[in-house]
Structures are given as C-alpha cells and as structure tokens.
Amino acid sequence: MSGATRLRSMNVGDSETRLVLGPAGNKTGSLGSRKPASKLPKKKAENMVDEVSSAKEKKPQQQVLLSSVVTSSPQSYTASVSSVLRRHEQLLQSNLSLNASCSSDASTDSFYSRASAGRLTRSYSLGSRRKPNVSKPRSVASDGVSESPPNCSQSKKRCAWVTPNTEQCYATFHDEEWGVPVHDDKKLFELLVLSSILAELAWPAILSKRHIFREVFADFDPVAVSKLNEKKIMAPGSIASSLLSELKLRATIENACLISKVIDEFGSFDKYIWSFVNQKPIVSRFRYARQVPVKTPKAEGISKDLVRRGLRGVGPTVVYSFMQVAGLTNDHLISCFRFQDCVVAAEKEEENGIMDNNAKQKESDNAMESNLSIAIDDLNFSE
C-alpha cells in the first residue's frame, strides 16, 4: 500500500476533503479520491494489518489510535475509522479554538508590553504586580547629640561623645563637672594635672582612679605637692609608680612648685588663669562634634606662658582640654542639655564677681572715709 488512507468526513459536504493520518505515517491525501472503506477486499485489509503492526514499532503514540482500526472484518474496520474521524475533527476544532484564544491573549498582552533595554517585557496582571516597598522607620543617630547613657533620664540629650556605652563615671563627669567654671586653686590644679595625664590614660580610666590620685597628691594642694619626696613617691612598688610613669610623677611635683610661685605672684592661681579669658568663659556654640577643636590660639598662648614659667607637659592640646573641663570655654554642643546650664552658671559667677567687686569697692571706700575722718580728727586735736 503506497498511500495513506483517505476517508470522507461525516460532518462535511462531499466536495470537502480532509487530511487524515494513515497507518503508514504522515502520508496524506484527499478524501474525495478515496474509495469507500467498505468495498476494500479482504486481502488488502490483511496487508493493512501488517503495516499497522510495523507502524506500532516506529510510532508508539499511534498504537492506541490505530488499534481500533485493525479488525477481522471490513464492516468493523469501517465503523472504527468513522469513530477515529469524528475524534480527529473534535481535536481539530479544539485546536482551532485554542489558537484563537491564544491569539486574543497575545494581542491583549502586546497592548500592555513595553520596551526596556531593547526588548519587550510583558506586563503582568494587577494582582501579580509587585507591591511597593514600604521602608521601615530607621533609628538615625544625630551627628551632634547622643542618647542618654544607661541609668539616666531618656529625655536628656547629651554631647555626641557621651554614648549609651559610655561608662557611668564619665557620663556623670560630663553632667556635673565638665564645662562648669572653676575658681578654686586646688580644683584648678587637680584638673590641670588630670588633663596632663591624658597623654597616658583616657578620661574613664582617670576618673575611676581619681580617689587614688587625690590620696597620692595630697588632694592636689600645690603647696603640699611641692613638698612631697620624689624618691618616696617614685619608689618601686609604690601606689604612685603603679599609676603613672616616673617622668609624669616628677613633672607633677615640679609643676606644683611653679604653681605655688604663680600664686605668690598673682595672689591665686584662679586670677592668673582666668586673666587669659578676661575673667569670662568663652562660649563656643558648636552644633556638631566635628567642629570641636583639639587646640585653639588662646590655648597656645596660655601654653607658651606656662612653659615660659617652667611648667612641663602643658602643651596646647593639654591646655585646651584643661580649659574645657575647668569651664574657661564652654564646648558643650548647643543641643546638649548642659550647654545652657553652663551658660547660666557662668552668668551667676559673673554676677557674683560683680557683686564682690562692688562690695570690695564699697569696703575700700568706707575704709578711705574712715581714714580721712581719723586724719581730720587728729588735725583738730593737734590745733
């Protein structure tokens, strides 16, 4: 058998022909030129059975479809072929409808397609569109102010160098002492010595051992420190030698001797040191921590005068740190709650100073009046 089976459709006119997949493979022909299947001789049907068996080996997918075709009689063969034709027509109709729906979907999707990077990208339905990213609020640390350290009020804002991880002794030092104007000679000498120790230790370490420093240096009384025995203090195993180096201990004792001379010259160390800022603190009004310098021209001037007088370990950086802690300059950031407190404290100190000066002036005036009255009385008595 050289050609594929050609059968007439049951649902179309006589003039219409369809392509039918025959038992031998993909060979097709017109249905109109094919004789009715019922008039096939028996010998020809047997040959067709042989071809079907060979086609089963080549195409397993046709086995189920063609198994119904092969029968023992021509009548059953014709009935099976008609059922196969109806099934084939149903498949064709379903394929046509599927192609039509796909073409309509493609036209709809092409309406929503857009060009991106040289290619068309299909836009998805609204339900599958990506949801807009909602950014979660982040905690942003301000540049100039840090949150309160532990065990402190959360409503207070501090300078940026006081962080939640800051040791409590340093946070307390910032809240109570740093930037407050100091006028006591012992306290001023103590802060000058502690500022010079910053070359070897940090503020938290210094403050944690502050009580030991006070014991070793006799509460930082310049006169008492100047009389200390260097050999005894710097002896191996002593408390002072475990705290500081020998060079720093010797410099502290020598500086105490020179501060005593300054006190004798100016009446007090307070008058001497505050004379550099005209007895009034410098208010910096910094907004950010990066604006705070490590030294200033004023600190360089004070350092030069101290070095000229023979003091050691009092460079511009050390002097400026001393000015900050002693309140000669108010370097609290303007957003820190201590900034205004130090300004108010400085104003009170200025008012108290003015009142003291007025009181002293009044006392001197009274003394002059009393002296004049005494002199007049003496003159009258002599006459």
Side-chain angles (χ1 to χ4, degrees), residues 177-197 210 213-214 216-228 230 250-283 295-316 318-331 342-372 374:
E177 295 186 54
W178 200 83
V180 178
V182 177
H183 296 278
D184 182 70
D185 284 355
K186 292 183 180 180
K187 187 70 176 293
L188 286 170
F189 179 64
E190 176 185 4
L191 296 177
L192 180 62
V193 172
L194 296 181
S195 298
S196 65
I197 296 174
R210 195 173 186 179
F213 284 116
R214 286 175 176 174
V216 171
F217 295 113
D219 289 335
F220 291 98
D221 183 0
V223 178
V225 174
S226 63
K227 297 178 181 179
L228 292 177
E230 292 186 7
R250 184 178 288 108
T252 302
I253 296 174
E254 292 179 359
N255 289 345
C257 296
L258 297 173
I259 293 296
S260 299
K261 294 180 180 179
V262 171
I263 293 173
D264 294 338
E265 180 180 351
F266 290 89
S268 67
F269 186 51
D270 169 58
K271 290 182 179 180
Y272 165 76
I273 201 66
W274 279 92
S275 63
F276 289 97
V277 293
N278 197 19
Q279 307 297 327
K280 186 178 181 179
I282 301 172
V283 181
K295 62 181 179 179
T296 59
K298 182 68 68 176
E300 292 177 355
I302 298 174
S303 175
K304 288 180 180 179
D305 191 76
L306 291 173
V307 171
R308 183 180 62 83
R309 294 177 181 276
L311 275 76
R312 299 167 56 185
V314 287
V318 172
V319 170
Y320 192 69
S321 178
F322 165 71
M323 292 174 64
Q324 290 175 323
V325 69
L328 276 77
T329 178
N330 183 4
D331 278 359
C342 293
V343 170
V344 172
E347 291 176 353
K348 289 182 178 180
E349 290 286 343
E350 187 177 0
E351 291 177 359
N352 293 334
I354 293 173
M355 292 176 63
D356 291 340
N357 291 334
N358 292 336
K360 291 179 180 179
Q361 186 65 29
K362 194 173 183 179
E363 289 179 359
S364 62
D365 292 341
N366 293 333
M368 289 179 62
E369 289 179 358
S370 62
N371 291 333
L372 286 174
I374 291 172

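Nearest heavy atoms, Ile259 versus Leu311: CD1-CD2, 3.8 Å. Considering every non-hydrogen atom in both Leu194 and Arg210, the closest pair reads CD1-NE, 4.0 Å. Of all heavy-atom pairs spanning Ser196 and Gly313, the tightest one is CB-O, 3.7 Å. Taking all atoms of both residues into account, the shortest heavy-atom contact from Asn330 to Cys342 is ND2-CB, 3.7 Å. In terms of heavy-atom proximity, Ala346 sits nearest to Pro281 at CB-CG, 3.5 Å. Between Asp270 and Asp185, the closest heavy-atom pair is N-OD1, 2.9 Å.
Remark: Leu306 CG to Ile273 CD1 distance equals 5.5 Å, nearest 0.5 Å. In this structure, the separation between CG on Asp221 and CZ on Phe189 is 9.0 Å, given to the nearest 0.5 Å. Interatomic distance, Ile302 CD1 to Phe322 CZ, rounded to the nearest 0.5 Å: 8.0 Å. A distance of 12.5 Å separates NZ in Lys271 from CD in Glu265, rounded to the nearest 0.5 Å. The CG atom of Leu191 sits 9.5 Å away from the OG atom of Ser321 when rounded to the nearest 0.5 Å. Distance check, rounded to the nearest 0.5 Å: CD of Glu347 to NZ of Lys280 gives 8.0 Å.
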Decide side-chain contact (heavy atoms from CB on, under 4.5 Å) for Trp178 and Asp331; before the verdict, give the C-alpha distance in whole Å, the side-chain angles of both, and the deciding distance to 0.1 Å.
CA-CA 9 Å; Trp178 200 83; Asp331 278 359; 3.8 Å; yes
Checklist entry - Checking side-chain contact (heavy atoms from CB on, under 4.5 Å) for the pair Leu328/Phe276: CA distance, chi angles, key distance, verdict? => result CA-CA 9 Å; Leu328 276 77; Phe276 289 97; 5.7 Å; no
- Show your reasoning for whether side-chain contact (heavy atoms from CB on, under 4.5 Å) applies to Arg308 and Asp305. CA-CA 5 Å; Arg308 183 180 62 83; Asp305 191 76; 2.7 Å; yes
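The aromatic rings of Phe266 and Tyr272 sit tilted, their planes meeting at an angle between 30° and 60°.
Ser303 places a side-chain N or O within 3.5 Å of a backbone atom of Val314 that can act as its donor or acceptor partner. Side chain of Lys298 to main chain of Val277: no donor-acceptor pair is present (N/O by atom type, distance under 3.5 Å, no hydrogens or angles). In this structure, the side chain of Asp184 engages the main chain of Lys186 through a donor-acceptor pair within 3.5 Å.
The existence of a salt bridge linking Asp264 and Lys261 is excluded, since no basic side-chain nitrogen approaches an acidic carboxylate oxygen closer than 4.0 Å.
Residues Val193 and Phe213 have side chains not in contact (no heavy-atom distance under 4.5 Å, counting atoms from C-beta outward).
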